[in-house]
> 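Mind looking over this structure? Questions follow.
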Number of protein chains: 2
Amino acid sequence: MQQEKNEVLIYAPALCPMALTLDVIGGKWKPLVVYLVSQGVNRFSTLEKQLPGISRKMLANQLRELESDGLLSREIFAEVPPRVEYSLTEKGASLMEVLMPVYEWGARNLQHRMRHLH
Amino acid sequence: MQQEKNEVLIYAPALCPMALTLDVIGGKWKPLVVYLVSQGVNRFSTLEKQLPGISRKMLANQLRELESDGLLSREIFAEVPPRVEYSLTEKGASLMEVLMPVYEWGARNLQHRMRHLH
DNA sequence: CTGGATCCAACGAGATACTG
DNA sequence: CAGTATCTCGTTGGATCCAG
């Protein structure tokens, strides 16, 4: 794993797949949003209920970004009242798979960081 | 994977291991810093050279946080000139392992997001 | 119901100067 | 060499109002 002494590598977030991935899934709410959608919580209002503390604007922004990154798809139903449903794309599902071990690592190593809500 | 219809789950970043982990490793520079340290780039000034664009303050902050989260250890040598070396802890190494698939996912799925630097 | 647009406050991050 | 302190500014996110 050790690099050659004279090898010069320049690293930058814009070139690192890890940083790019964290940019796509990072942020305070995105992993929870993706997870909830994967669990069938697929409408704006139900997501909002499950995410106490998130603002409408933030939820809308996160959903737009997740959609434009191809993780979620968005289906609009021309009804009254209007209805929109989100679902996980294949790409989103494949990301969820690689993220599960990360989730488990956190569960094993970060208990001390958990805040207990009442 | 589908939850029961009447099950009511409340999600919050403070309770989600994924969000906690992303908080620990997230941010623009942390994954690169951890990776570089794992590759033997273990001093402040060499890290700074490899991370064009990062400010001293940011690098110092990220190193402090990574240290307090137990991912990096910091060894101070009482010399002139002063010398400090960072290294990956076991915990940091175990995180790197679960993050490799994330890295690979990004490499496969996020090429379109890469910016070419000259 | 699902958002977009706007305004504003708070926080994060860069630049610079200084220190053990 | 390896940082810290301060100051400032830009961006982010919350609140509110409006619309399809």
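In the text below, chain A, chain B and the rest are named by the order of the sequence lines, each starting its count at 1. Just so it is clear, the model here is predicted, and its values are computed rather than measured.
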> In whole angstrom, what separates A/E85's CD from C/dC1's P?
15 Å
> Can you give me every donor-acceptor pair (side chain of residues 74-82 of chain A, partner residue at least two apart or in another chain, under 3.5 Å) with its distance?
residue	atom	partner	partner atom	Å
A/R74	NE	A/Y86	OH	3.3
A/E79	OE1	A/R83	NH1	3.1
A/E79	OE2	A/R83	NH1	2.7

> Who are the side chain to side chain donor-acceptor pair (under 3.5 Å) partners of B/S94, not counting sequence neighbours?
A/W105
> Residues in side chain to side chain contact (heavy atoms under 4.5 Å, CB included) with B/S45, at least two apart?
none
> I need the full list of salt bridge (charged side-chain N to carboxylate O under 4.0 Å, His left out) pairs touching residues 32-45 of chain B, with sequence neighbours left out, sorted by first then second residue.
none
> Please find the earliest and latest nucleotides of DNA chain D, in the 5' to 3' direction, that have an atom within less than 4.0 Å of any heavy atom of chain A.
D/dG13 to D/dG20
> Within the 4.0 Å heavy-atom criterion, would you say A/F77 contacts the bases, only the backbone, or no part of the nucleic acid?
nothing
> If the condition is side chain to side chain contact (heavy atoms under 4.5 Å, CB included), which residues does A/A60 pass it with, not counting sequence neighbours?
A/F44, A/R64
> Considering only distance and modelled atom types, tabulate donor-acceptor pairs under 3.5 Å from the side chains of residues 22-34 of chain B, sequence neighbours left out.
residue	atom	partner	partner atom	Å
B/D23	OD2	A/R113	NH1	3.0
B/K30	NZ	B/V24	O	3.3
B/K30	NZ	B/E65	OE1	2.7

> Got a sec? Which of residues 51-73 of chain B come in under 4.0 Å of DNA chain C, heavy atoms?
B/S55, B/K57, B/M58
> Reading DNA chain C from 5' onward, which residue's closest nucleotide shows up sooner: A/R43 or B/W29?
A/R43
> To the nearest angstrom, how far is A/I76 atom CD1 from C/dG3 atom C1'?
10 Å
> Could you check whether any side-chain heavy atom of A/L51 comes within less than 4.5 Å of a side-chain heavy atom of A/L36, counting everything from C-beta outward?
yes
> Quick check on the helix from C/dC1-D/dG20 to C/dG20-D/dC1: what's the angle between its two end axes, five base pairs per end, to the nearest 10°?
50°
> Only pairs at least two apart or in different chains count here, so list each side-chain hydrogen bond (donor to acceptor under 3.5 Å, both in side chains) that has a residue in residues 12-22 of chain A.
none
> Could you note down all residue pairs passing salt bridge (charged side-chain N to carboxylate O under 4.0 Å, His left out) where residues 92-101 of chain B supplies at least one of them, sequence neighbours left out?
none
> Among residues at least two apart in sequence or on other chains, which ones pass side chain to side chain donor-acceptor pair (under 3.5 Å) with B/S87?
B/S73
